[in-house]
S.K.: 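One structure coming up, written as structure tokens, with questions to follow.
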Amino acid sequence: MLPSGALATMCCPHCGEVIDTFPDPGGGERQEYIEDCSVCCRPMTVIATLDEEAGDFVAEASAEV
């Protein structure tokens, strides 16, 4: 079951700052999208996957877009 309010924490691959991202709860168990860092404003590719045991999304960011 997908969480109703999705939140995941990740590290920006450019500036190293820890930031939050909000995967779409209706977007499926694996999502890939481009998002700008809220600190340095550089784009990154975000891959968010649902951890079914925890019931939350886990996000990883890559500098490649």
Side-chain angles (χ1 to χ4, degrees):
M1 181 159 98
L2 295 174
S4 59
L7 168 69
T9 302
M10 62 186 176
C11 187
C12 174
H14 302 289
C15 69
E17 192 72 28
V18 176
I19 56 174
D20 292 333
T21 188
F22 301 91
D24 178 5
E29 295 180 359
R30 184 182 186 283
Q31 302 174 33
E32 183 172 337
Y33 51 95
I34 296 173
E35 184 172 312
D36 291 341
C37 174
S38 59
V39 177
C40 71
C41 300
R42 294 180 67 186
M44 60 190 143
T45 299
V46 177
I47 298 175
T49 52
L50 182 64
D51 178 347
E52 292 188 21
E53 288 183 18
D56 293 324
F57 278 95
V58 176
E60 295 180 16
S62 169
E64 296 182 28
V65 282

S.K.: Can you list the residues that meet the side chain to side chain contact (heavy atoms under 4.5 Å, CB included) rule with D51, with sequence neighbours excluded?
M.R.: E53, A54, V58
S.K.: E35: what forms a side chain to side chain donor-acceptor pair (under 3.5 Å) with it, not counting sequence neighbours?
M.R.: T21
S.K.: Main chain of E64, side chain of T45: is a donor-acceptor contact present, judged purely on distance under 3.5 Å?
M.R.: yes
S.K.: Would a hydrophobic clustering, with Ile, Leu, Val, Met, Phe, Trp and Tyr connected at side-chain separations under 4.5 Å, put I19 with V46?
M.R.: yes
S.K.: In chain order, what residues pass the side chain to side chain contact (heavy atoms under 4.5 Å, CB included) check against C40, with sequence neighbours excluded?
M.R.: C12, H14, C15, C37, R42
S.K.: Between A8 and F57, what is the shortest heavy-atom contact and its length?
M.R.: CB-O, 3.6 Å
S.K.: Which residues pass the side chain to side chain donor-acceptor pair (under 3.5 Å) test with T9, not counting sequence neighbours?
M.R.: D20
S.K.: Restricting to salt bridge (charged side-chain N to carboxylate O under 4.0 Å, His left out), what partner residues turn up for R30, sequence neighbours left out?
M.R.: E32
S.K.: Minimum heavy-atom separation for F22 to A6, with atom names?
M.R.: CD2-O, 3.5 Å
S.K.: If every non-hydrogen atom of A63 is compared with every non-hydrogen atom of P13, which pair is closest and at what distance?
M.R.: N-CG, 3.5 Å
S.K.: Considering only Ile, Leu, Val, Met, Phe, Trp and Tyr, and joining two whenever side-chain heavy atoms are under 4.5 Å apart, list the other residues clustered with I34.
M.R.: V65
S.K.: Quick check for you: to the nearest 0.5 Å, what is the distance between I47 atom CD1 and Q31 atom CD?
M.R.: 11.5 Å
S.K.: Do V39 and M10 land in one hydrophobic cluster if side-chain heavy atoms of ILVMFWY residues count as linked below 4.5 Å?
M.R.: yes
